[in-house]
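Only one structure is covered here, and it is reproduced in the block below.
Just so it is clear, the values below take in all heavy atoms, side chains as well, and ignore hydrogens, waters and symmetry mates. Fair warning: this is a prediction, and the values are worked out from it, not measured in the lab. Chain letters run A, B, ... following the sequence lines, proteins first and then strands; every chain starts at 1.
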2 protein chains.
Amino acid sequence: MPITIASTQQPVLKEQSPLASIDLLLSMGATYQSYKKGEIIFKEGAYCRYYHQLVSGTVVWHNVDDLGKEIIQAIIVPGESFGELPLFDDKPYAAGAVAMQQSLVLRLPKELFLELLKEDYDMHMALNRKMAERLRFKFMLLQAVSQATPEGSICMLLNYLKQEQKHICTGCGLINLTRQQIADLLGLRVETVIRVTRRLHEEGRLLIENRKLFYV
Amino acid sequence: MPITIASTQQPVLKEQSPLASIDLLLSMGATYQSYKKGEIIFKEGAYCRYYHQLVSGTVVWHNVDDLGKEIIQAIIVPGESFGELPLFDDKPYAAGAVAMQQSLVLRLPKELFLELLKEDYDMHMALNRKMAERLRFKFMLLQAVSQATPEGSICMLLNYLKQEQKHICTGCGLINLTRQQIADLLGLRVETVIRVTRRLHEEGRLLIENRKLFYV
DNA sequence: GCTGGCTTATGCTTACAGTCATAAAGCGGG
DNA sequence: CCCGCTTTATGACTGTAAGCATAAGCCAGC
């Protein structure tokens, strides 16, 4: 028995307050950088020279393996930093970043960024919180992919997104991810996600309304 | 054609220099805590009151799902911190910690630890490096579990361990993990790891010498 | 030195995720 | 408004990882 309650609200995604204040970054010498849809911001394995913070648009932080499966590490929304690992360990980027739509990014050269961290303890802790959040997400994902069934994996991911109010409309529960993106987060195939979500809908655990997923 | 070169060296695991100096922690008020094999150090979901650093022994940081599959998040060796996420975001522990052998841990109360971070920038950055390292490990694991075949997953993990000199003897390449632990890191079954490692051995990509795995 | 639990091992069976092919619906850009 | 790309959808087939049973080897602790 599929749920069929029509959702009438406007989709609303939770706003992220910027990790670092835009004024602060600008005063330190950060510059705006604009990227077209599909444009590469940095590549996996490249040397890192900047701190990046998304101002508007969407960015996917991912790996693409030998040929050509995509593994999504994070989908970045405005206000978030990304590609920050090399700033701490001086290793190359662990994953690449690509603009999913026209996007605006604030870039602060690495040395200036490290100065900022040293001077601004609150900023430093804000970044620590972001890294802790990323790690928690990874902990959850690894549990999710270890589930016996794809149902298990997908439900675990959806529960987390709902709980954390990420990529989900706070009002209506609209999941702001394509089935392909869900697949790429969990290491599944699109067809599997399509079939499982349909089954979840039939079981009444999920709502599909003209192809869009709602999780309440 | 299996490799059959006998390894004669003594197994040597890379020493970790302690994340925070033991003297520093003690001077801040840290205390030693001893745990017997199998003893729980903290549980997933519990509230966090301490910074933990392993002095001797081994600790596994893991989740155990509804019934009773284990997902290993990290295997902690002396010198490493663990359970540090809640120190930054005040959420409960994302995973539990259990002593795998008789272990000695230095514990510093959370408030004192945060004071230490504020005062000691180098210590703060050392912890950031550790978190970056953990995130890189997770990035790799998620790529590994997304591989099409268990061979792919296992080889990716082993390559990483070799490259990072973790849980592997620097001289002889002895993998210091049981097949069960490899399975629990990758979300596979023991039997699968056993069969795949045997196949890798037969293909000459791995050495098994009286049941122990050597990766060179 | 014995004993029990963990680790490694192997065979058999089965469910099902992946794969491929095909197609319709939706959307964005010119 | 139309065209093309992305996304969703569905059917048929297949390989294989999981699951279960069983057993031997190994080590730790009493």
Salt-bridge criterion met for B:Arg198 and B:Glu202 (N-O under 4.0 Å): yes

Set of ring pair (Phe, Tyr, Trp, His ring centres under 6.0 Å) partners for B:Tyr35, sequence neighbours left out: none

Could you check how far CG of B:Leu177 sits from P of C:dT7, rounded to whole Å? 12 Å

Interface polar pairs with nucleotides 24-30 of chain D, N/O, under 3.5 angstrom:
| from | atom 1 | to | atom 2 | distance (Å) |
| --- | --- | --- | --- | --- |
| D:dG25 | O4' | B:Arg211 | NH2 | 3.2 |

Just jot down the ring pair (Phe, Tyr, Trp, His ring centres under 6.0 Å) partners of B:Tyr215, sequence neighbours excluded, or say none. none

Given C:dT8, D:dA9, D:dA18, the nucleotide with the shortest approach to the side chain of A:Ile208: D:dA9

Could you identify which residues of residues 148-157 of chain B place a heavy atom less than 4.0 Å from some atom of DNA chain D, listed by residue number, or say none? B:Pro150

Value in whole Å for how far the P atom of D:dT6 lies from CG of A:Asp184: 14 Å

Apply salt bridge (Lys or Arg N to Asp or Glu O under 4.0 Å) to A:Lys91 and list each qualifying residue two or more places apart in sequence or on a separate chain. B:Glu164

Would you mind checking if A:Glu133 and A:Lys166 are paired as a salt bridge, meaning a charged N to carboxylate O distance below 4.0 Å? yes

The salt bridge (Lys or Arg N to Asp or Glu O under 4.0 Å) partners of A:Arg189 (sequence neighbours excluded) come to none

Tabulate protein N/O versus nucleotide N/O from nucleotides 10-12 of chain C, keeping only pairs under 3.5 Å, one per line.
| from | atom 1 | to | atom 2 | distance (Å) |
| --- | --- | --- | --- | --- |
| C:dT10 | OP2 | B:Arg198 | NE | 2.9 |
| C:dG11 | N7 | B:Arg195 | NH1 | 3.3 |

A:Arg199 CZ - D:dG11 P separation (whole Å): 13 Å

So, applying salt bridge (charged side-chain N to carboxylate O under 4.0 Å, His left out) with A:Glu84, which one of A:Lys130, A:Arg134, A:Lys110 is it? A:Arg134

Atom-pair distance (CZ on A:Arg189; C1' on C:dC20), nearest Å: 13 Å

Using atom CG of B:Leu188 as one end and atom C1' of C:dT8 as the other, report the distance to the nearest whole Å. 16 Å

Rounded to the nearest 0.5 Å, what separates atom CD1 in B:Ile71 from atom CG in B:Leu185? 10.5 Å

Below 4.0 Å: OP1/OP2 of D:dA17 and any side-chain N or O of B:Thr192: no

B:Gln180 CD to C:dG5 C1', straight-line distance once rounded to whole Å: 14 Å

Classify the side-chain pair A:Gln101/A:Thr58 by whether it contains a donor and acceptor separated by less than 3.5 Å. yes

Listed partners of A:Glu151 passing side-chain hydrogen bond (donor to acceptor under 3.5 Å, both in side chains), at least two apart: A:Arg199

Non-neighbouring partners of B:Tyr50 that pass ring pair (Phe, Tyr, Trp, His ring centres under 6.0 Å), sequence neighbours left out: none

With sequence neighbours left out, what residues match B:Phe88 under ring pair (Phe, Tyr, Trp, His ring centres under 6.0 Å)? none

In this structure, how many angstroms lie between the C1' atom of D:dA17 and the CD atom of A:Gln147, rounded? 16 Å

Nearest-0.5 Å distance, OG of residue B:Ser146 to CG of residue A:Asp184: 8.5 Å

Does OP1 or OP2 of C:dT7 have a side-chain N or O of B:Arg179 closer than 4.0 Å? no

Describe, as an angle rounded to 10 degrees, how the axis at the first end of the helix from C:dG1-D:dC30 to C:dG30-D:dC1 is tilted relative to the axis at the last end, five pairs per end. 70°

When rounded to whole Å, the CE to C1' distance for the pair B:Met100 and C:dT7 reads 13 Å

Sequence-distant partners of A:Lys138, salt bridge (Lys or Arg N to Asp or Glu O under 4.0 Å), two or more places apart: none

